[in-house]
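Before any comments, here is the structure.
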Amino acid sequence: MSPTDGKFRKEVKKLYYYISLIALGIILVMAGALYLALSTGKTIFDEPGETKEIQLLDENIDQIVNGVHVATGFKEGKGLMEVIQNCTNCHSAALVTQNKMTREGWLATIRWMQETQNLWNLGKNEETILNYLSSNYAPEKKGRRNKLDEIDWYNLENP
Ligand code: HEC
């Protein structure tokens with residue numbers, strides 16, 4: 001073995017040492033990132049503020065402002081949740097809120113949807129839903145002028 005051999009071995013050992021150090025460093029950084037991701041639910045790939053927005057939406061989804069359910073536009077009242085759960089699956093809530101009907105009218109609409117649009121049987125919720133609709137979306141009492149009565153009709157004279 002020549003003296004240069006020994007020197008070469010030393011160099012190789014040194015190189016191994018540095019490579020191991022770098023590898024250890026990388027492992028530590030990755031472990032740290034993994035720990036952060038697991039403990040906070042955030043990763044460096046997340047857009048800042050992203051999770052916050054979603055939380056805000058979740059909180060506001062059932063918010064009622066001035067007696068109106070913000071997400072759907074339905075009026076606040078007993079049965080609101082049953083109506084939201086059964087009447088917003090196929091069409092927008094606006095299709096419901098823009099209508100005014102008597103209880104019979106609402107029932108007929110529901111039956112029509114059940115017969116032709118695959119609306120399911122509402123079960124015991126039907127009563128609650130009908131009560132809600134007929135009290136919150138009823139025809140206005142005086143939608144048009146009263147019919148004329150007590151009029152003194154007179155006969156036209158022949159000229
Ligand atoms: C299974 C699907 C489905 C569900 C659930 C549903 N509807 Fe409908 N509804 C329809 C379809 C389809 C139409 C017709 C839509 C159109 O004409 O664009 C409709 C139309 C309507 C209309 C308009 C009727 C008209 O004469 O123009 C009203 C009012 C209505 N639905 C109220 C309700 C109410 C109240 C509920 C909850 C009890 C409800 N819908 C649940 C499918 C559904």
Side-chain angles (χ1 to χ4, degrees), residues 20-159:
S20 318
L21 265 187
I22 290 168
L24 192 70
I26 291 174
I27 289 172
L28 276 179
V29 168
M30 283 172 72
L34 190 67
Y35 172 75
L36 270 181
L38 289 179
S39 60
T40 63
K42 280 183 188 160
T43 71
I44 52 166
F45 305 110
D46 284 342
E47 296 280 320
E50 203 175 27
T51 47
K52 206 174 162 203
E53 263 173 44
I54 292 168
Q55 271 169 3
L56 266 178
L57 270 180
D58 272 354
E59 279 165 21
N60 291 352
I61 200 91
D62 280 328
Q63 206 177 35
I64 288 172
V65 174
N66 295 331
V68 172
H69 182 254
V70 177
T72 57
F74 279 126
K75 291 182 199 164
E76 185 183 14
K78 192 172 175 298
L80 170 64
M81 282 307 147
E82 285 83 352
V83 169
I84 292 174
Q85 279 156 16
N86 289 284
C87 306
T88 57
N89 316 65
C90 305
H91 45 68
S92 96
L95 200 57
V96 182
T97 58
Q98 75 198 3
N99 274 286
K100 290 182 191 309
M101 297 182 216
T102 60
R103 193 183 172 88
E104 293 70 42
W106 282 114
L107 183 62
T109 305
I110 287 174
R111 289 286 175 270
W112 170 78
M113 280 181 290
Q114 283 169 333
E115 277 157 27
T116 62
Q117 312 296 338
N118 285 326
L119 172 59
W120 43 87
N121 190 335
L122 296 171
K124 62 178 168 51
N125 282 335
E126 186 171 282
E127 191 67 17
T128 317
I129 290 171
L130 280 175
N131 287 343
Y132 171 88
L133 292 171
S134 60
S135 53
N136 290 294
Y137 298 97
E140 264 131 47
K141 290 270 148 44
K142 295 206 169 159
R144 47 177 292 192
R145 67 169 170 76
N146 288 340
K147 74 179 169 39
L148 300 172
D149 46 81
E150 292 174 12
I151 292 173
D152 285 331
W153 296 106
Y154 58 89
N155 291 321
L156 287 174
E157 311 277 323
N158 281 331

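Start at 1 and go down the list; that is how both ligands and their atoms are numbered. Because the structure is predicted, anything quoted here is derived from the model rather than measured.
Contact check for K75 versus T97: no side-chain heavy atoms found under the 4.5 Å cut-off. The shortest side-chain heavy-atom distance between N136 and E76 does not fall under the 4.5 Å cut-off. In this structure, the side chains of N99 and W106 come closer than 4.5 Å at one or more pairs of heavy atoms. Proximity of L119 to W112: side-chain heavy atoms (C-beta onward) are nowhere separated by under 4.5 Å. The side-chain heavy atoms of I110 and L130, taken from C-beta on, include a pair separated by under 4.5 Å. Taking 4.5 Å as the limit, every side-chain heavy atom of V83 sits out of range of all side-chain heavy atoms of Y137. Taking the side chain as every heavy atom from C-beta outward, H91 and M113 approach each other to under 4.5 Å. A 4.5 Å side-chain heavy-atom check between L122 and T128 finds every atom pair outside the cut-off.
Protein heavy atom closest to atom 20 (C) of ligand 1, with residue, atom name and distance, is L95 CD2, 3.4 Å. The shortest contact between atom 14 (C) of ligand 1 and any protein heavy atom is with W112 CH2, 3.8 Å. At the shortest separation from atom 1 (C) of ligand 1 among protein heavy atoms lies C90 SG, 2.8 Å. Among all protein heavy atoms, the one lying closest to atom 36 (C) of ligand 1 is C87 SG, 2.8 Å. Of the protein's heavy atoms, M113 CE, 3.4 Å lies nearest to atom 32 (C) of ligand 1.
For atom 8 (Fe) of ligand 1, the protein comes within 4.0 Å by at least one heavy atom. Within the 4.0 Å cut-off (strictly below), a protein heavy atom is located near atom 11 (C) of ligand 1. There is no protein heavy atom less than 4.0 angstrom from atom 17 (O) of ligand 1. The nearest protein heavy atom to atom 41 (C) of ligand 1 is closer than 4.0 Å.
Each of the atoms 5 (C), 37 (C), 41 (C) of ligand 1 lies under 4.0 Å from some heavy atom of N86. In summary, the atoms of ligand 1 found under 4.0 Å from a heavy atom of W106, numbered by their order in the structure, are 29 (C). Near N99, with a cut-off below 4.0 Å to any heavy atom, the atoms of ligand 1 are 29 (C). Within ligand 1, counting atoms from 1 as listed, the ones closer than 4.0 Å to a heavy atom of N118 are 1 (C).
At a heavy-atom cutoff of 4.0 Å, ligand 1 is contacted by the side chain of L133 but not by its backbone. Contacts between T109 and ligand 1, counted as non-hydrogen atom pairs separated by less than 4.0 Å, involve the side chain only. With a 4.0 Å heavy-atom cut-off, ligand 1 is reached by the backbone of L119 and by its side chain too.
Between the side chain of Q63 and the main chain of H69, no donor-acceptor pair closer than 3.5 Å is present.
Among the atoms of H91, an N, O or S atom falls under 2.8 Å from atom 8 (Fe) of ligand 1. Not one N, O or S atom of Q117 sits under 2.8 Å from atom 8 (Fe) of ligand 1.
Ion pair R111/E104 not flagged as a salt bridge, since none of the NZ, NE, NH1 or NH2 atoms sits closer than 4.0 Å to an Asp/Glu carboxylate oxygen.
Annotation for L95 and Q98: closest pair CD1-NE2, 3.4 Å, computed over non-hydrogen atoms.
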